[in-house]
K.L.:
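Encoded as structure tokens, here's the structure I'll be asking about.
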Amino acid sequence: MGRGLGRSALVGGGVIGAIAVIVGLSGCVAQPAATPPPVTVFATVTATPTPPPATTAPPAAEPEPVAPEPVPNAPAPVVEWGPAYDTGPRPGATATPVLDGNGVPFSYTVVEGDSFFDIAQRFELPQQQLLRMNPQIHDYGDTVYIGDLINLDWTKTG
């Protein structure tokens with residue numbers, strides 16, 4: 001009899017031991033962290049009054065800039081009429097002029113390669129004066145032809 005009783009005690013003790021082991025080990029399992037209680041926030045909203053619109057003065061008109069007094073241009077140089085002076089042949093004016101009794105150039109005959117501008121330069125005459133002395137020359141002297149007779153006497157026209 002003692003044996004049967006011992007066996008059931010063993011069996012019964014084994015079950016209790018297993019439960020004790022399980023309960024003992026259950027403390028090793030991590031428990032979920034406790035969530036803190038929710039926090040309630042209270043806010044009070046107050047209306048901010050809108051400031052009245054600021055009245056601004058209209059911008060002052062800037063004064064008109066004062067224009068400086070005009071300065072007149074210098075007077076045009078006075079072109080003195082005068083006799084022609086031969087400075088010698090040059091490109092664009094290579095012919096020999098006809099001289100009067102005093103050795104002053106009297107006329108000039110256009111040769112190949114001459115230009116009215118170069119003829120005026122050779123005889124130290126403003127081109128406008130040479131044009132006034134030679135009304136037969138057209139297009140402001142742009143077109144002169146071989147054989148044209150150019151007047152160099154400042155006292156005569158044509």
K.L.:
Sequence neighbours excluded, which residues qualify as side-chain hydrogen bond (donor to acceptor under 3.5 Å, both in side chains) partners of T40?
P.N.:
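By the side-chain hydrogen bond (donor to acceptor under 3.5 Å, both in side chains) rule, T40 matches no residue at all.
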K.L.:
When you measure from the side chain of N134 to the backbone N and O of N151, does any donor-acceptor pair fall under 3.5 Å?
P.N.:
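Checking the backbone N and O of N151 against the side chain of N134, a donor-acceptor pair under 3.5 Å is found.
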K.L.:
Does anything in residues 108-121 form a side chain to side chain donor-acceptor pair (under 3.5 Å)? List the pairs, not counting sequence neighbours.
P.N.:
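Applying side chain to side chain donor-acceptor pair (under 3.5 Å) to every pair that reaches into residues 108-121, excluding sequence neighbours, yields Y108-D114, S115-D118.
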K.L.:
Shared ILVMFWY cluster between L130 and V144, side chains joined below 4.5 angstrom?
P.N.:
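The answer is yes; both residues are in one hydrophobic cluster.
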K.L.:
Sequence neighbours left out, what passes side-chain hydrogen bond (donor to acceptor under 3.5 Å, both in side chains) with D139? Give chain and number order.
P.N.:
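Once residues adjacent in sequence are excluded, the partners of D139 under the side-chain hydrogen bond (donor to acceptor under 3.5 Å, both in side chains) criterion are T143.
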K.L.:
Can you tell me how far the OG1 atom of T155 sits from the CE atom of M133, to the nearest 0.5 Å?
P.N.:
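Those atoms lie 8.5 Å apart.
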K.L.:
Looking at residues at least two apart in the chain, or sitting in another chain, which of them share a side chain to side chain contact (heavy atoms under 4.5 Å, CB included) with Y140?
P.N.:
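Result, side chain to side chain contact (heavy atoms under 4.5 Å, CB included) vs Y140: L131.
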K.L.:
For L149, is there any backbone N or O sitting under 3.5 Å from a side-chain donor or acceptor partner on Q136?
P.N.:
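Checked: pair present.
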K.L.:
Under the salt bridge (Lys or Arg N to Asp or Glu O under 4.0 Å) definition, can you give me all pairs with a residue in residues 44-69, not counting sequence neighbours?
P.N.:
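Output for this query is empty, none listed.
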K.L.:
Throw together a table of side-chain donor-acceptor distances under 3.5 angstrom for residues 93-106, partners on residues two or more places apart or in other chains.
P.N.:
unit_1 : atom_1 : unit_2 : atom_2 : d
D100   : OD1    : N102   : N      : 3.0
D100   : OD1    : G103   : N      : 3.2
D100   : OD1    : V104   : N      : 2.9

K.L.:
How long is the gap from CZ on F123 to OG1 on T87, to the nearest 0.5 Å?
P.N.:
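These two atoms lie 7.5 Å from each other.
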K.L.:
What distance separates L152 CG from L125 CG, expressed to the nearest 0.5 Å?
P.N.:
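Here the interatomic distance stands at 6.5 Å.
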K.L.:
Any chance you could measure I150, atom CD1, to I137, atom CD1, to the nearest 0.5 Å?
P.N.:
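Between I150 CD1 and I137 CD1, I get 3.5 Å after rounding to 0.5 Å.
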